[in-house]
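Just below is one structure, and these are the notes that go with it.
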Amino acid sequence: MRIATWNVNSVRTRLPRLISWLGRRQPDVVCLQETKVVDEAFPLADIEALGYHCLLNGQKTYNGVAILSRVPPSGAVRLLPGDESDAERRILIATIDGIHIVNVYAPNGGDVGLPKYAYKLEWYRRLREFLESSFDASDDVLICGDFNVAPEDRDVWDPQKWRGQILCSGPEREALRNLTSWGLKDALRLHSSEGGLYTWWDYRAGAFHRGWGLRIDHILVTEPLAKRCTDVEIDRNERKGEKPSDHAPVIATLE
DNA sequence: ATGGCTACTCCTAGTAGA
């Protein structure tokens, strides 16, 4: 079973690439972030034609998440406790093949110290609370998406330059560690300990070709799924070519 | 150094992303 996460930065702009990628990689589950479209305008027919069920939690212009799956998902949740009904669309939870899938698009935070930054830290706190109250760490739970945090210096192309900056600050890293301390493993780190493994590169300044990246998209799994996880791949080929997203997909294989 | 680019919107300028 292959489960992927991809911040597509507009599902409508990325549709040709998404369709081609689905056909090539044949993932069983895909968690999309930054779809940037209301549910009524999601390119449903194009995705369903490829044999995927679509679960949507979209909004206009910003944010928006979706789960594509070969088998029908069940039990959708679209808001965190504490979210108002008009909250930013940043989370989508469903059960697929007995696995609880949590698709997240964590707030960016703007800059350290801004109100958006406080919102980001608070959002992480609420996510941790939700996990605790909804699941057990012995359950099959997989949380993936754009976490907007590079967990460690080895996940950053220039740790000196980024030290203390947004995506890398101490409190953000602590918020992510607090989340994983519930009972989650960073799936990529089950298999690779090296640096230089990035999932996002700035569009500007030829960052991709210069290797100026960060690893901010993650697949986190509880222990029973960690045992089943045989491989995690960052599909950096998707960052190349015409009209790429600024994020590459990450794909986990579960036995 | 200048976010050096991209995508969005009641759209040709401002906002946001990370």
Side-chain angles (χ1 to χ4, degrees), chain A residues 5-18 21 31-43 56-66 86-91 103-124 127 144-176 195-218 234 236 238-250:
Chain A
T5 178
W6 192 8
N7 180 325
V8 287
N9 185 13
S10 171
V11 70
R12 287 179 294 182
T13 296
R14 221 62 62 207
L15 190 60
R17 286 193 77 127
L18 176 60
W21 179 80
C31 293
L32 301 177
Q33 302 88 35
E34 282 207 270
T35 53
K36 295 188 174 179
V37 67
V38 292
D39 295 350
E40 303 74 55
F42 189 93
L56 308 176
N57 188 20
Q59 76 177 76
K60 189 170 148 184
T61 311
Y62 303 116
N63 310 309
V65 286
D86 64 347
E88 297 176 345
R89 282 354 215 199
R90 294 187 175 278
I91 192 161
N103 177 13
V104 299
Y105 174 49
N108 169 289
D111 276 303
V112 173
L114 296 181
K116 281 183 183 181
Y117 180 75
Y119 174 74
K120 179 178 193 173
L121 298 178
E122 175 65 9
W123 187 90
Y124 264 94
L127 178 59
C144 68
D146 177 358
F147 287 78
N148 270 318
V149 177
E152 301 177 81
D153 280 354
R154 63 178 161 167
D155 302 310
V156 181
W157 67 276
D158 185 345
Q160 301 286 54
K161 178 190 171 76
W162 281 84
R163 180 146 300 148
Q165 300 298 307
I166 196 69
L167 315 183
C168 299
S169 74
E172 288 167 276
R173 286 177 168 175
E174 178 55 34
L176 181 58
L197 303 174
Y198 309 133
T199 65
W200 170 84
W201 299 260
D202 201 304
Y203 281 125
R204 295 163 293 188
F208 179 69
H209 295 287
R210 293 159 121 155
W212 294 355
L214 302 179
R215 191 173 70 93
I216 56 177
D217 302 85
H218 310 298
I234 300 169
R236 59 191 301 291
E238 273 309 304
R239 185 60 179 77
K240 303 174 181 173
E242 288 293 300
K243 279 198 169 284
S245 168
D246 45 355
H247 295 252
V250 185

Check whether any side-chain N or O of A:Asn103 sits under 3.5 Å from a backbone N or O of A:Gln33 as a donor-acceptor pair, and report yes or no.
no
Send over the distance from A:Ile166 CD1 to B:dA16 P, rounded to a whole Å.
14 Å
Taking atom P in both B:dC5 and B:dC10, compute the distance separating them and give it to the nearest angstrom.
25 Å
Could you give the CZ-to-P distance, from A:Arg89 to B:dC8, as a whole number of Å?
20 Å
Length of the CG-P vector between A:Asn7 and B:dA16, whole Å:
17 Å
With heavy atoms under 4.0 Å as the rule, sort A:Glu34 into base, sugar-phosphate or nothing.
sugar-phosphate
Find out whether A:Asn9 and A:Lys36 are in side-chain contact, i.e. whether some heavy atom of one side chain is under 4.5 Å from a heavy atom of the other.
yes
A:Thr13 vs B:dC8: side-chain N/O to OP1/OP2 distance below 4.0 Å:
yes
Return the value, rounded to whole Å, for the distance between atom CG of A:Asn63 and atom P of B:dT9.
13 Å
Whole Å only: how far is the OH atom of A:Tyr203 from the P atom of B:dG4?
16 Å
Non-hydrogen side-chain atoms of A:Arg210 and A:Trp157 separated by less than 4.5 Å:
no
Tightest non-hydrogen contact, residues A:Pro249 and A:Glu238, listed as CD-CB, 3.5 Å
Expressed as a whole number of Å, how far does the P atom of B:dC11 sit from that of B:dT6?
23 Å
Could you check A:Arg204 against A:Pro244 and say which one's nearest nucleotide on DNA chain B is further toward the 5' end?
A:Arg204
Rounded distance (Å) that lies between atom P of B:dT9 and atom CG of A:Asn9
12 Å
When you check the phosphate oxygens OP1 and OP2 of B:dC10, does a side-chain N or O of A:Lys60 lie under 4.0 Å from one of them?
yes
To the nearest Å, how far apart are A:Asp146 CG and B:dA16 P?
17 Å
So does A:Thr61 get a side-chain nitrogen or oxygen closer than 4.0 Å to the phosphate oxygens (OP1/OP2) of B:dT15?
no
Work out how far the C1' atom of B:dT9 is from that of B:dG4, and round it to whole angstrom.
24 Å
With a 4.0 Å cut-off on heavy atoms, is A:Asn148 in touch with a base, just the backbone sugar-phosphate, or nothing at all?
sugar-phosphate
Inter-nucleotide P distance (B:dT2, B:dC8), Å rounded:
27 Å
Looking at A:Glu172 and A:Leu167, would you say the former's side chain and the latter's main chain have a donor-acceptor pair under 3.5 Å?
yes
Contact under 4.0 Å: A:Arg14 side-chain N or O vs B:dT6 OP1/OP2
no
Classify A:Arg210 by what it touches in the nucleic acid, base, sugar-phosphate, or nothing, heavy-atom distance under 4.0 Å.
base
Nearest whole angstrom, please: distance from the C1' of B:dT6 to the CZ of A:Arg17.
14 Å
Taking only side-chain N and O atoms of A:Lys243, does any of them lie within less than 4.0 angstrom of OP1 or OP2 on B:dC5?
no
B:dG17 phosphate, OP1 or OP2, under 4.0 Å from A:Lys116 side-chain N/O:
yes
Within the 4.5 Å heavy-atom criterion, are A:Leu114 and A:Lys120 side-chain neighbours or not?
no
Using a heavy-atom cut-off of 4.0 Å across all strands, would you classify A:Tyr105 as base, sugar-phosphate, or nothing?
sugar-phosphate
Mind checking the P distance from B:dA7 to B:dA1? Whole angstroms is fine.
28 Å
